[in-house]
A.B. asks: 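I am attaching a structure below and will ask some questions about it afterwards.
Just so it is clear, the values below take in all heavy atoms, side chains as well, and ignore hydrogens, waters and symmetry mates. Along the sequence shown, residues are numbered consecutively beginning with 1.
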Amino acid sequence: MIKRPLILVTNDDGINAPGIRALIEVMNEIGDVCVVAPDSPQSGMGHAITINDAVYCNHIKVGSDKLHQEYSCSGTPVDCVKLAVNEVLKRKPDLCVSGINHGSNSSINVIYSGTMSAAVEAGTLGIPAIGFSLLDFSLEADFNASKKIAKIIALETLKNGLPKGVVLNVNIPKLKSSEIRGIKVCRQANAHWQEKFDKRTNPLGRDYYWLTGTFVNEDKGKDTDEWALEQGYVSVVPVQFDLTAHHAINELNTWDL
């Protein structure tokens, strides 16, 4: 009998989000699944961890589904991965998948993303990891195409492994399966958010702020994730968690330090 891979599933939209439900369904076709995900939305948490409060992790039952185990966690997406590997699972998973996120995590968004930070955390622990995102914020989003893409990339990752220190950032355009032109391995586009704060005053006279902004893509390259998504392709960006700017070391060594 061939041993099925152990797959850890997590996200940042919360354990009840439609995106993670879709991802769980697909991963159950591939391996033995354990879900450890936030009990409430944690979008934009980046690589935050909980250090000044207790973290709770509760086993939950999802209908009559006995295909996998699920745990809701009071902490961040990164907390979920840490707890899963150190407390919940009896062995290191063969794969960690995070998502399917509601909304884009392409370009600069990757550094803010709780979805991708969960994948990155798994990567630091030596676990092949993938973050999946669909360019649709709606809770009514159609995940049928995303499920097919997730299965293809997860199977290839299990088959081939990933380079040391690398995880995958996968973004999927808001298109039907028949409209997706293919999958492209890309680099992260050089883009940013032009931000401003909407200042308001509450009934007690205290000022507060809502962060708003406009996404600005200054990168005209045809090898970027933004270009691929605009052209109807799924983008796959290999992300490294070694943040060293290796190309700057020689220049810095010329300083009078």
Side-chain angles (χ1 to χ4, degrees), residues 3-63 65-102 105 110 113-133 150-151 153-155 157-158 161-162 164-170 239 241:
K3 187 176 182 181
R4 282 162 60 87
L6 177 59
I7 303 174
L8 171 62
V9 180
T10 189
N11 75 343
D12 74 353
D13 288 318
I15 198 164
N16 295 314
I20 197 173
R21 295 291 120 199
L23 192 56
I24 291 167
E25 179 185 336
V26 173
M27 293 303 120
N28 272 323
E29 298 174 7
I30 297 174
D32 296 328
V33 171
C34 180
V35 182
V36 182
D39 58 14
S40 61
Q42 296 282 331
S43 296
M45 291 298 291
H47 215 93
I49 57 174
T50 303
I51 57 174
N52 293 318
D53 202 355
V55 177
Y56 298 91
C57 190
N58 301 312
H59 182 256
I60 62 174
K61 294 182 179 180
V62 182
D65 192 348
K66 298 180 180 179
L67 289 174
H68 61 273
Q69 298 291 316
E70 293 201 24
Y71 298 82
S72 66
C73 175
S74 65
T76 68
V78 173
D79 289 331
C80 291
V81 174
K82 289 180 178 292
L83 274 168
V85 174
N86 290 288
E87 295 292 332
V88 175
L89 297 173
K90 295 182 180 179
R91 66 179 178 90
K92 183 182 289 188
D94 300 292
L95 178 69
C96 174
V97 291
S98 184
I100 299 168
N101 189 66
H102 294 250
N105 278 318
V110 67
S113 168
T115 298
M116 278 307 299
S117 287
V120 168
E121 180 64 24
T124 67
L125 300 174
I127 303 164
I130 315 164
F132 293 100
S133 302
K151 187 172 184 178
I153 296 176
L155 286 171
T157 301
L158 286 166
L162 290 174
K164 185 177 180 181
V166 170
V167 302
L168 300 182
N169 181 19
V170 178
V239 175
F241 44 83

A.B. asks: Using modelled atom types only, decide if a donor and an acceptor are shared between the side chain of Asn101 and the backbone of Gly131 within a distance under 3.5 Å.
C.D. replies: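 Side chain of Asn101 to backbone of Gly131: no pair is present.
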A.B. asks: Do you know which of Leu8, Leu6, Val85 makes side-chain contact (heavy atoms from CB on, under 4.5 Å) with Ile127?
C.D. replies: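 That would be Val85.
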A.B. asks: Nearest 0.5 angstrom please: Leu168 CG to Leu162 CG, how far?
C.D. replies: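 Output value for this atom pair is 4.5 Å.
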A.B. asks: Considering non-hydrogen atoms only, spot the tightest contact between Asp12 and Pro77 and give its length.
C.D. replies: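 That closest heavy-atom pairing would be CB-CG, 3.5 Å.
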A.B. asks: Decide side-chain contact (heavy atoms from CB on, under 4.5 Å) for Val97 and Val9; before the verdict, give the C-alpha distance in whole Å, the side-chain angles of both, and the deciding distance to 0.1 Å.
C.D. replies: CA-CA 5 Å; Val97 291; Val9 180; 3.7 Å; yes
A.B. asks: Between Thr76 and Pro38, which heavy-atom pair has the shortest distance, and what is it?
C.D. replies: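 Scanning both residues completely, I find the closest heavy atoms to be C-CG, 4.5 Å.
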A.B. asks: If you take all heavy atoms of Val78 and Ser117, which pair is closest and at what distance?
C.D. replies: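 Here Val78 and Ser117 meet closest at CG2-O, 3.8 Å.
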A.B. asks: Could you tell me whether the side chain of Asp13 and the main chain of His102 form a donor-acceptor pair under 3.5 Å?
C.D. replies: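 A pair under 3.5 Å: yes.
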A.B. asks: If you take all heavy atoms of Ala37 and Cys80, which pair is closest and at what distance?
C.D. replies: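 Closest approach of Ala37 to Cys80, heavy atoms only: C-SG, 3.5 Å.
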A.B. asks: Ile15 versus Ile60: any side-chain heavy-atom pair under 4.5 Å?
C.D. replies: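 Yes, at least one pair of side-chain atoms sits under 4.5 Å.
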A.B. asks: Of the non-hydrogen atoms in Pro128 and Thr157, which two are nearest, and what is the gap between them?
C.D. replies: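 Pro128 and Thr157 have their closest heavy atoms at CB-CG2, 4.0 Å.
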A.B. asks: Crowded around Glu29 CD? As in, over 12 foreign heavy atoms under 6.0 Å?
C.D. replies: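 Count over threshold, so yes.
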A.B. asks: Enter the distance from Thr10:OG1 to Glu121:CD here, rounded to the nearest 0.5 Å.
C.D. replies: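 Nearest 0.5 Å value for the OG1-CD distance: 11.0 Å.
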A.B. asks: When rounded to the nearest 0.5 angstrom, what is the spacing between CZ in Arg21 and CG in Asn11?
C.D. replies: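 Reported value, rounded in 0.5 Å steps: 9.0 Å.
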A.B. asks: About how many Å separate OG of Ser113 and CE of Met45, when rounded to the nearest 0.5 Å?
C.D. replies: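 Here the interatomic distance stands at 12.0 Å.
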A.B. asks: Within the side chain of Thr115, is there an N or O that forms a donor-acceptor pair under 3.5 Å with the backbone of Ser98?
C.D. replies: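 Not at all, since once roles are kept as given, no pair shorter than 3.5 Å links the two residues.
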A.B. asks: To the nearest 0.5 Å, what is the distance between SG on Cys34 and CD1 on Ile7?
C.D. replies: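 Going from SG on Cys34 over to CD1 on Ile7, the span is 11.5 Å.
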A.B. asks: Which heavy atom of Ala150 sits nearest to which heavy atom of Met27, and what is that distance?
C.D. replies: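 Answer, listing the atom of Ala150 first, then Met27: O-CE, 4.1 Å.
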A.B. asks: Pair up each side-chain donor or acceptor in residues 50-58 with any protein partner under 3.5 Å, not counting sequence neighbours, and list the distances.
C.D. replies:
residue : atom : partner : partner atom : Å
Thr50   : OG1  : Asp79   : OD2          : 2.5

A.B. asks: Taking Arg4 for its side chain and Asn28 for its backbone only, find out whether a donor-acceptor pair lies under 3.5 Å.
C.D. replies: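 Confirmed, Arg4 side chain pairs with Asn28 backbone.
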A.B. asks: Apply salt bridge (Lys or Arg N to Asp or Glu O under 4.0 Å) to Asp94 and list each qualifying residue two or more places apart in sequence or on a separate chain.
C.D. replies: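 With sequence neighbours excluded, Asp94 shows a salt bridge (Lys or Arg N to Asp or Glu O under 4.0 Å) to Arg91, given in chain and number order.
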A.B. asks: Supply the atom-to-atom distance Ile153 CD1 to Phe132 CZ, rounded to the nearest 0.5 angstrom.
C.D. replies: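 Answer rounded to 0.5 Å: 5.0 Å.
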